[in-house]
> 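Questions regarding the structure given below will be posed in turn.
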Amino acid sequence: MSEENQTLAQRKEKAEALAELGVKLYINSFKPANCARELLPKGDLLQPQQAEPGGAVYSIAGRVLAMRKFGKAAFCTVADGSGQIQIYLKLDILGEAVFETFKKWDIGDIVGAVGTLFKTKVGELSLQASEIVMISKSLRPLPDKWHGLSDVETRYRQRYVDLIVTPETRETFRKRVEIIRLVREHLTRRNFMEVETPMMQPIPGGATAKPFKTHHNALGMDLYLRIAPELYLKRLLVGGFERVFEINRNFRNEGLSTRHNPEFTMLEFYQAYATYEDLIALTEEMISSICLAVNGSMKITYQGQEVDLTPPWTKLTMDEALLQVAGIPAAVLADDAQVMALAREKGIKLEENAGPGKAKTELFELLVEDRLINPTFITRYPTEVSPLARRNENDPSVTDRFELFITGRELANGFSELNDPRDQLSRFEKQIADRGDDDEIHPELDADYIRALEYGMPSAAGEGIGIDRLVMLLTDAPSIRDVILFPHLKPEAGLTADRDEDGGQ
RNA sequence: GGGUCGUUAACUCAGUCGGUAGAGUAUCUGACUUUUAAUCAGAGAGUCGCGCGUUCAAGUCGCGCACGACCCA
């Protein structure tokens with residue numbers, strides 16, 4: 001014990017002292033009948049220093065966040081899941097013995113109180129406790145009540161502490177839950193059915209990314225954590241489920257950044273007999289209405305930038321974007337050789353087999369993406385970079401595909417689906433032939449997917465929306481780690497469980 | 001992978017030219033029965049991220065490492 005920090009040692013002593021007074025430290029018999037949010041409005045009916053007429057008895061439970069002690073009386077700010085309420089403890093009412101146990105309370109303890117309501121002379125509704133209980137004794141001190149917890153590493157590693165002391169963090173994750181609920185509701189109302197497809201796949205398909213590899217012992221085979229659910233969802237279209245969606249984790253074995261976490265949440269949805277234009281309309285309506293529901297306005301601020309999500313949103317073809325936003329002359333865009341030359345001139349490294357489609361896409365990423373602050377759909381993506389999208393009827397070099405950009409970031413990607421098994425097979429084969437030196441990316445031929453298409457997949461359109469990025473946008477979060485409860489970090493050095501000889505129960 | 005910055009008490013942070021480690025909050029003791037960043041008086045609390053080096057002397061200078069943040073690839 002002597003090796004620990006002082007506070008931890010002192011609290012353990014207090015815990016022992018309480019135990020000697022006959023107070024149990026970790027009970028599960030107290031069930032609060034009320035919560036802060038429910039009681040607080042009752043204060044509107046009271047004048048300062050007035051007790052609630054009728055003297056109804058309420059009970060609450062929560063964590064002590066602050067204490068103001070006066071020798072023979074005290075105020076405690078207690079937080080439960082719904083909010084905060086103050087309890088008032090008085091020697092006269094509780095009696096010597098109980099008040100003595102209260103003196104061993106600490107900030108951070110989870111306690112229960114039973115009592116009546118009154119308003120203090122400064123006008124704060126308070127529960128005057130007639131009974132108090134210790135529900136769970138806290139052994140570690142909470143961060144500074146005024147400055148809070150600002151060390152981001154601790155906020156990510158010990159999210160539980162962050163959630164206790166940072167209201168903004170609680171708010172962000174409540175919003176996240178609400179956003180996902182609204183997405184689900186939006187699609188369900190339109191007769192989409194929510195499904196679950198494999199997270200472990202023998203062939204990681206549906207995107208180009210490095211997968212995580214794992215091994216199934218009983219089957220004696222390698223499996224990959226999915227990089228996308230796309231090919232399974234489209235198998236369901238073949239099966240006759242005409243509108244499906246999945247909100248779940250994808251895994252990509254790549255770098256971490258403020259926009260990338262190795263596991264992230266993706267919405268994918270597929271609608272039979274629809275085109276990418278239908279999905280553009282759906283996306284615009286869904287995201288703008290969710291923003292309105294969550295933020296009370298379609299005009300928001302993201303990291304100091306004004307963003308207006310009021311529909312209709314801008315729609316530009318990739319060529320139009322390159323012309324209007326990047327100022328690349330139409331004559332250059334129309335000439336494959338000039339496009340390739342321009343890309344090289346801008347320092348873009350193109351693989352030997354890369355064509356003008358790849359070059360345009362790279363130029364777009366370099367010169368246009370960052371500048372698309374208000375929502376913008378970019379359409380007519382080159383076929384070369386869209387292995388799963390349907391070719392445009394009039395121009396087979398581009399696909400019926402779009403991506404959505406907001407605050408310079410890709411938020412959604414959708415297209416009319418390729419359902420011709422012959423075209424799909426040849427594009428898979430090209431993808432495999434073009435595989436670079438990178439052994440970690442495995443474009444493998446998913447023969448079963450081709451077989452599924454051979455049974456006939458209805459015409460359809462499908463889309464993926466990055467949920468984490470959507471939540472970042474709508475909660476004004478600068479980093480993806482701020483919208484993921486437990487983001488990935490390297491293990492903490494030197495962390496061991498405290499195994500004090502008498503610390504356990 | 002590269003660059004920049006950071007790591008000092010439980011939390012938030014100071015620490016000058018290299019010369020005994022500081023504050024506020026929290027904690028502990030005492031006073032205080034309507035406070036709310038309660039107040040007043042007193043006290044305790046440090047592996048200065050880790051290691052090596054330079055020096056009579058290192059939180060401070062140098063090198064390496066760990067972890068984190070941001071930027072770049």
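Source: prediction; values computed, not measured. By convention in this document, chain letters (A, B, ...) are assigned in the order of the sequence lines, proteins followed by strands, and residues within each chain are numbered from 1.
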> What's the closest nucleotide to the A:S479 side chain, out of B:rG24, B:rC70, B:rU27?
B:rC70
> Could you give the distance separating B:rU8 and B:rG49 at their C1' atoms, to the nearest angstrom?
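Comparing C1' positions in B:rG49 and B:rU8 gives a spacing of 10 Å.
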> If we call it a pair only when both distances are under 3.5 Å in a Watson-Crick or G-U wobble match, what pairs with B:rA69?
B:rU4
> Can A:R401 be said to sit on top of A:Y381's aromatic six-ring, NZ or CZ under 6.0 Å from centre and within 45° of the ring axis?
yes
> Identify the nucleotide, in any strand shown, that forms a Watson-Crick or G-U wobble pair with B:rU35, with both distances under 3.5 Å; if there is none, say none.
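Here B:rU35 is not engaged in any pair, so there is no nucleotide opposite it.
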> Which base, if any, makes a Watson-Crick or G-U wobble pair with B:rU12, both distances under 3.5 Å?
B:rA23
> From B:rU27, B:rA69, B:rU34, pick the nucleotide closest to the side chain of A:F75?
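Of the options given, the side chain of A:F75 lies nearest B:rU34.
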> Tell me whether the side-chain N or O atoms of A:E124 pair up with the base of B:rU35 as donor and acceptor below 3.5 Å, since no angle test is needed here.
no
> Pick the closest RNA chain B nucleotide for A:L142 and for A:Q49 by heavy atoms, then say which residue is nearer the 5' end.
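Closer to the 5' end of RNA chain B: A:L142.
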> If you take all heavy atoms of A:L225 and A:P211, which pair is closest and at what distance?
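What the structure gives for the nearest pair is O-CB, 4.2 Å.
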> Need the pair for B:rG18. Rule: Watson-Crick or G-U wobble, both distances under 3.5 Å, any strand; none if unpaired.
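Base partner found: none.
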> Any cation-pi pair here, A:K69 with A:F102, using under 6.0 Å and within 45°?
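Yes, A:K69 lies over the aromatic ring of A:F102.
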> Looking at B:rG53, which nucleotide sits across from it as a Watson-Crick or G-U wobble partner, both distances under 3.5 angstrom, or is there none?
B:rC61
> Taking only the side-chain heavy atoms of A:Q86 (C-beta and beyond), determine which of B:rC28, B:rU35, B:rA10 contains the nearest atom.
B:rU35
> Of the options B:rA69, B:rC70, B:rU34, whose atoms approach the side-chain atoms of A:K121 most closely?
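The nucleotide sitting nearest to the side chain is B:rU34.
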> If I take atom CE in residue A:M67 and atom P in nucleotide B:rA37, what distance separates them, rounded to the nearest angstrom?
16 Å
> B:rU27 C1' sits how many Å from A:R140 CZ, rounded?
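That distance rounds to 15 Å.
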> Counting only side-chain heavy atoms from C-beta out, which of B:rA37, B:rA73, B:rU27 sits nearest to A:K349?
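Output: B:rA73.
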> Side chain of A:D106 only, please: which of B:rG24, B:rU33, B:rC28 is the nearest?
B:rC28
> Between A:K104 and A:R481, just flag the one whose closest nucleotide in RNA chain B comes earlier from the 5' side.
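Residue closer to the 5' terminus by nearest nucleotide: A:K104.
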> Taking 4.0 Å as the cut-off, does a side-chain nitrogen or oxygen of A:T77 come that near to OP1 or OP2 on B:rU36?
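No, because none of the side-chain N or O atoms of A:T77 sits under 4.0 Å from OP1 or OP2 of B:rU36.
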> Could you tell me the separation between the NE2 atom of A:H260 and the C1' atom of B:rA69, rounded to a whole number of Å?
18 Å
> Taking the minimum atom-to-atom distance to the side chain of A:D144, which one of B:rC32, B:rA69, B:rG24 wins?
B:rG24
> Return the nearest nucleotide to the side chain of A:F118; candidates are B:rC11, B:rU34, B:rC13.
B:rU34
> Mind running salt bridge (Lys or Arg N to Asp or Glu O under 4.0 Å) on A:K137 and A:D106 for me, showing each step along the way?
CA-CA 8 Å; A:K137 185 78 187 133; A:D106 287 302; 2.7 Å; yes
> If you count every heavy atom of other residues, nucleotides or ligands that lies below 6.0 Å from A:K358 atom NZ, does the total exceed 12?
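No - once you tally the heavy atoms of other residues, nucleotides and ligands closer than 6.0 Å, there are 12 at most.
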> Any idea which of B:rU35, B:rA69, B:rA10 is nearest the A:S126 side chain?
B:rU35
> Ignoring backbone atoms, test whether A:K490 places a side-chain nitrogen or oxygen under 4.0 Å from the OP1 or OP2 oxygen of B:rA66.
no
> May I ask you to verify whether the side chain of A:D151 and the base of B:rG68 hold a donor-acceptor pair under 3.5 Å?
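Not at all, since no donor on one side and acceptor on the other fall under 3.5 Å apart.
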> Rounded off to whole Å, could you give me the CD-to-C1' distance for the A:E254 and B:rG1 pair?
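Roughly 15 Å, once rounded to whole Å.
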> How far apart are the C-alpha atoms of A:N295 and A:K175, what are their side-chain angles, what is the distance that settles it, and do they pass the side chain to side chain donor-acceptor pair (under 3.5 Å) test?
CA-CA 9 Å; A:N295 288 323; A:K175 261 192 191 176; 2.5 Å; yes
> Is there a donor on the side chain of A:T120 or the base of B:rU35 sitting less than 3.5 Å from an acceptor on the other?
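Side chain to base: pair found, below 3.5 Å.
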> OP1 or OP2 of B:rG44 versus the side-chain N and O atoms of A:T7: is any pair under 4.0 Å?
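For A:T7, the contact criterion (side-chain N or O under 4.0 Å from OP1 or OP2 of B:rG44) is not met.
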> Taking the six-membered ring for Trp and the single ring otherwise, decide whether the centroids of A:F405 and A:F364 are under 6.0 Å apart.
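Aromatic pair counts; centres sit under 6.0 Å.
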> Out of B:rU35, B:rC32, B:rA37, which has the shortest distance to the side chain of A:K72?
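Among B:rU35, B:rC32, B:rA37, the one nearest the side chain of A:K72 is B:rC32.
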> State the pairing partner of B:rG42; accept Watson-Crick or G-U wobble contacts with both distances under 3.5 Å, and report none otherwise.
B:rC28
> Return no unless some side-chain N or O of A:R68 is found under 4.0 Å from OP1 or OP2 of B:rA38.
yes
> When you measure from the side-chain N and O atoms of A:K145 to the phosphate of B:rA38, is any distance below 4.0 Å, counting only OP1 and OP2?
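Looking at the OP1 and OP2 atoms of B:rA38, one of them is under 4.0 Å from a side-chain N or O of A:K145.
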